[in-house]
Asks: 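Before anything else, here's the structure in question.
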Amino acid sequence: DVIVLSRALALPIGEESLQIVADVALHARAPVLAIPPGLECFDPNGPILIAWNGSAEGATALRFALPMLRMAKSVHLFTAHEPGKDVMQREAIEYLRCHNLMPEPIESAPAGRDPAGALLAEADAIKASCIVMGAYGHSRAREWLLGGVTRHLLAMSPFPLLLAH
């Protein structure tokens with residue numbers, strides 16, 4: 001039902017371990033739970049933060065996360081604002097409500113603010129046990145060349161990431 005991988009893979013966090021997690025997240029037909037280095041336990045019952053940008057990858061992650069979201073203490077829907085992209089927060093909220101979940105919407109990151117940094121700040125504020133997100137909404141080459149939220153969070157997030165493509 002879920003593939004659990006350590007982001008460190010017994011190595012210092014670096015490009016090689018990120019590459020393995022990224023490859024599995026892109027090609028697996030199941031979500032990947034990427035555990036950060038040093039995390040001693042994972043609490044699926046804690047608050048969960050959903051990173052929502054209205055993408056197909058985000059919708060896949062949301063659908064795969066439903067069993068875990070049902071166990072969560074609370075569900076928070078963080079809307080990532082991307083220029084030129086219609087973010088359908090209402091639709092995500094309605095989808096979750098159809099599954100008897102009452103997500104708390106969180107304001108979008110202001111234009112110009114680093115979306116990965118804003119997402120991590122929100123996860124820290126709610127003491128998230130996990131971040132649910134779509135992986136690699138842009139082409140992977142563009143993500144690796146220019147950075148991107150997926151790459152940044154794989155490298156820097158102290159929170160477990162439930163990823164789906």
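Because the structure is predicted, anything quoted here is derived from the model rather than measured.
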Asks: Please determine, by modelled atom types, if Thr150 and His152 share a side-chain donor-acceptor pair under 3.5 angstrom.
Replies: no
Asks: Minimum heavy-atom separation for Pro36 and Pro158, please, with both atom names.
Replies: CG-O, 3.3 Å
Asks: Quick one: does Val32's side chain get under 4.5 Å of Val2's, heavy atoms only?
Replies: no
Asks: Just so I know, are the side chains of Ile48 and His76 near enough to count as touching, which here means a heavy-atom distance under 4.5 Å?
Replies: no
Asks: Has Asp1 got more than 12 heavy atoms of other residues, nucleotides or ligands less than 6.0 Å from its CG?
Replies: no
Asks: Could you check whether atom CE of Met71 has more than 12 heavy atoms from other residues, nucleotides or ligands sitting under 6.0 Å from it?
Replies: yes
Asks: Would you check if Pro31 and Leu163 make a side-chain contact, meaning some heavy-atom pair closer than 4.5 Å?
Replies: no
Asks: Taking all non-hydrogen atoms of both residues into account, name the closest pair between Leu39 and Cys41 and its distance.
Replies: CG-O, 3.3 Å
Asks: Any side-chain heavy atom of Ile131 sitting closer than 4.5 Å to one from Ile50?
Replies: no
Asks: Can you find a heavy atom in the side chain of Leu162 that is under 4.5 Å from one in the side chain of Met133?
Replies: no
Asks: Short question: side chain of Ser129, backbone of Pro44 - any donor-acceptor pair under 3.5 Å?
Replies: no
Asks: So do Leu49 and Cys130 actually touch side chain to side chain, heavy atoms under 4.5 Å?
Replies: no
Asks: Any link between Phe64 and Leu69 through a network of hydrophobic side chains (Ile, Leu, Val, Met, Phe, Trp, Tyr) touching at under 4.5 Å?
Replies: no
Asks: Considering non-hydrogen atoms only, spot the tightest contact between Phe42 and Pro160 and give its length.
Replies: CD1-CG, 3.7 Å
Asks: Just by modelled atom types, is the Val21 backbone N or O under 3.5 Å from a matching donor or acceptor in the Arg7 side chain?
Replies: no
Asks: Can any side-chain N or O of Thr79 pair as donor or acceptor with the backbone N or O of Trp52 at less than 3.5 Å?
Replies: no
